[in-house]
Participant: 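Mind looking over this structure? Questions follow.
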Number of protein chains: 2
Amino acid sequence: MNDKTNTYSISDLAKEFGITPRSIRHYEDEKLISPERNGSQRIYRKGDRIRLQLILRGKRIGFSLSEIREIISMYDEPSGGEEKQTEFLLRKIEERRDALYQQQQDIKTMLAELDRLEARLTQ
Amino acid sequence: MNDKTNTYSISDLAKEFGITPRSIRHYEDEKLISPERNGSQRIYRKGDRIRLQLILRGKRIGFSLSEIREIISMYDEPSGGEEKQTEFLLRKIEERRDALYQQQQDIKTMLAELDRLEARLTQ
DNA sequence: GTTCCCCTTTACGTTAACGTAAAGGATAAA
DNA sequence: TTTATCCTTTACGTTAACGTAAAGGGGAAC
């Protein structure tokens, strides 16, 4: 990270998050992130970094890139958008929440099973 | 489900879980499940059904089929197996647990963000 | 001035997880 | 006995998420 400008190169972020520059470029191809440019070089700011974090968190949870794009696009909506649009987003949020609740349940179940497995293995 | 024999056909299970027979056959190709046969027909019993549930739960959490196979194989290990093998499994269990804890964190964070998003949208 | 290192784009390759079509066997209903 | 409805296997197709290689630009170090 460049301390003067508070910016990052693509490999700065790649190293920090343990991924490849190729992945980051791929996220850009998929419209998940759009850094500034200095000529042809990509320049990432704090906001881009946070966005990348959000992408990777979504991935860990198991969301696809297009699902993540959907979530990100909700962030980008203006606060008091169109009525229809707002309703649409609220429904999307509900959907996401339901999926996440289901996942929480699944994880709890799986953790309990791991406990039983471990107990069996250690007598 | 056949009430006499307490067995299921492949499409019975497919319908119940909202997937296709093809998927179930694929899980069999990948050694995740291995039903009995009556001639060439697959016959699924309670145990197979539970196994399928486990597979689908793993999928919802975001595990790959080979990760799920790894988990399933832990179930199949005898209780008092070899020393080395047991240690290996215990480490695997720890890994899984860590990943699941991370996911729990990620989900909490994401849920909180959804709350803030919703609040913003509804003023 | 050339070597090095990082960046770029273009483009074809790869893997996972199935989808889909083709061709045929078995059983039950009409 | 034909028609329908399941089942089977084989095999090629598809999509997502990158990997990887090729070819080249730009600046710093020697």
Side-chain angles (χ1 to χ4, degrees), chain A residues 1-5 7-45 48-49 51-73 99, chain B residues 1-5 7-45 48-49 51-73 99:
Chain A
M1 121 97 118
N2 186 327
D3 287 325
K4 296 230 171 196
T5 58
T7 60
Y8 310 82
S9 74
I10 193 166
S11 57
D12 285 343
L13 291 184
K15 274 171 201 154
E16 175 174 359
F17 292 115
I19 59 180
T20 65
R22 175 67 175 94
S23 295
I24 300 181
R25 292 196 193 100
H26 181 62
Y27 301 150
E28 186 174 344
D29 288 345
E30 296 292 321
K31 319 280 183 197
L32 297 182
I33 193 170
S34 51
E36 286 175 39
R37 300 277 182 143
N38 181 4
S40 67
Q41 303 237 147
R42 291 170 175 82
I43 297 179
Y44 298 86
R45 300 192 178 281
D48 298 313
R49 208 189 82 106
R51 214 162 166 116
L52 187 53
Q53 276 186 308
L54 209 151
I55 294 171
L56 298 179
R57 189 187 305 135
K59 289 216 64 185
R60 283 195 303 271
I61 297 180
F63 286 149
S64 71
L65 293 187
S66 60
E67 287 172 319
I68 294 173
R69 177 176 36 227
E70 210 174 59
I71 295 173
I72 285 184
S73 76
Chain B
M1 122 95 119
N2 185 328
D3 287 323
K4 295 231 172 196
T5 60
T7 61
Y8 309 82
S9 74
I10 193 166
S11 57
D12 283 343
L13 290 184
K15 274 172 200 156
E16 175 174 358
F17 292 113
I19 60 180
T20 66
R22 175 67 175 93
S23 295
I24 300 181
R25 291 195 193 101
H26 181 62
Y27 302 150
E28 186 174 344
D29 287 345
E30 296 292 320
K31 320 280 182 197
L32 297 183
I33 193 170
S34 50
E36 287 175 39
R37 299 277 182 144
N38 180 4
S40 66
Q41 302 238 145
R42 291 169 175 83
I43 296 179
Y44 298 87
R45 301 193 178 280
D48 298 313
R49 209 189 82 107
R51 215 162 166 116
L52 186 53
Q53 275 185 309
L54 208 151
I55 295 171
L56 298 179
R57 189 187 306 135
K59 290 217 61 186
R60 282 196 303 270
I61 297 178
F63 286 150
S64 71
L65 293 187
S66 59
E67 286 172 319
I68 294 172
R69 179 178 33 230
E70 211 173 58
I71 295 173
I72 285 185
S73 76

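Throughout, protein chains are lettered first and strands after them, A, B, ... in sequence-line order, and every chain is numbered starting at 1.
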Participant: C:dC7 C1' sits how many Å from A:Ile24 CD1, rounded?
Facilitator: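 The answer, rounded to whole Å, is 13 Å.
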Participant: Starting from P on C:dC6, measure out to CG on A:Asn38 and report it in whole angstrom.
Facilitator: 18 Å
Participant: If the condition is side chain to side chain donor-acceptor pair (under 3.5 Å), which residues does B:Gln41 pass it with, not counting sequence neighbours?
Facilitator: none
Participant: What is the distance from CG of B:Asn2 to C1' of D:dC6, rounded to the nearest Å?
Facilitator: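 It works out to 14 Å between those atoms.
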Participant: Using side-chain contact (heavy atoms from CB on, under 4.5 Å) as the criterion, list what pairs up with A:Arg25, not counting sequence neighbours.
Facilitator: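 Applying side-chain contact (heavy atoms from CB on, under 4.5 Å) to A:Arg25 gives A:Ile10, A:Pro21, A:Arg42.
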Participant: Starting at CD of A:Gln41 and ending at C1' of D:dG27, how long is that distance when rounded to a whole Å?
Facilitator: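 From A:Gln41 CD to D:dG27 C1': 9 Å.
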Participant: Between A:Ser64 and A:Glu67 (side chain of the first, backbone of the second, donor and acceptor by atom type, cut-off under 3.5 Å), is there such a pair?
Facilitator: yes
Participant: Quick one, which residues of residues 52-67 of chain A touch DNA chain C with a heavy atom under 4.0 Å?
Facilitator: none
Participant: So does B:Ser40 get a backbone contact from the side chain of B:Arg37, meaning a donor-acceptor N/O pair under 3.5 Å?
Facilitator: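 Yes.
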Participant: Return the set of residues passing side-chain contact (heavy atoms from CB on, under 4.5 Å) with A:Asn38 (not counting sequence neighbours), or none when no residue passes.
Facilitator: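 By the side-chain contact (heavy atoms from CB on, under 4.5 Å) rule, A:Asn38 matches A:Ile43.
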Participant: How does protein reach along nucleotides 9-14 of chain D, written 5' to 3' as B (base within reach of a heavy atom under 4.0 Å), S (only sugar-phosphate), or - (no contact)?
Facilitator: B-B---
Participant: Could you check how far CD1 of B:Ile33 sits from P of C:dC18, rounded to whole Å?
Facilitator: 13 Å
Participant: Quick test of your reading: applying salt bridge (charged side-chain N to carboxylate O under 4.0 Å, His left out), list the pairs with at least one residue in residues 12-21 of chain B, sequence neighbours left out, ordered by first then second residue.
Facilitator: B:Glu16-B:Arg49
Participant: Can you name the side-chain contact (heavy atoms from CB on, under 4.5 Å) partners of B:Glu30, sequence neighbours left out?
Facilitator: B:His26, B:Leu32, B:Leu65, B:Arg69
Participant: Can you find a side chain N or O atom of B:Ser23 that sits less than 4.0 Å from OP1 or OP2 on C:dA17?
Facilitator: no
Participant: Does the side chain of B:Ser9 get closer than 4.0 angstrom to OP1 or OP2 of D:dC7 through an N or O atom?
Facilitator: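 For D:dC7, OP1/OP2 do have a side-chain N/O of B:Ser9 under 4.0 Å.
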Participant: Which residues pass the side-chain contact (heavy atoms from CB on, under 4.5 Å) test with A:Ser34, sequence neighbours left out?
Facilitator: none
Participant: On the nucleotide D:dA17, are OP1 or OP2 found under 4.0 Å from the side-chain N or O atoms that A:Tyr27 carries?
Facilitator: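 Looking at the OP1 and OP2 atoms of D:dA17, neither is under 4.0 Å from any side-chain N or O of A:Tyr27.
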Participant: Could you check how far NZ of B:Lys31 sits from P of C:dA16, rounded to whole Å?
Facilitator: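 Answer to the nearest Å: 15 Å.
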Participant: Could you state the atom-to-atom distance from CD of B:Glu28 to P of C:dA17 in whole Å?
Facilitator: 16 Å
Participant: Rounded off to whole Å, could you give me the CD1-to-P distance for the B:Ile19 and C:dC18 pair?
Facilitator: 8 Å
Participant: My understanding is that only residues two or more places apart in sequence, or in another chain, count here; which of them pass side chain to side chain donor-acceptor pair (under 3.5 Å) with A:Arg22?
Facilitator: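 Per chain and number, A:Arg22 pairs via side chain to side chain donor-acceptor pair (under 3.5 Å) with no residue.
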Participant: Looking only at side-chain atoms of B:His26, point me to the closest of C:dC6, C:dC18, D:dC18.
Facilitator: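 From the listed options, C:dC18 comes nearest.
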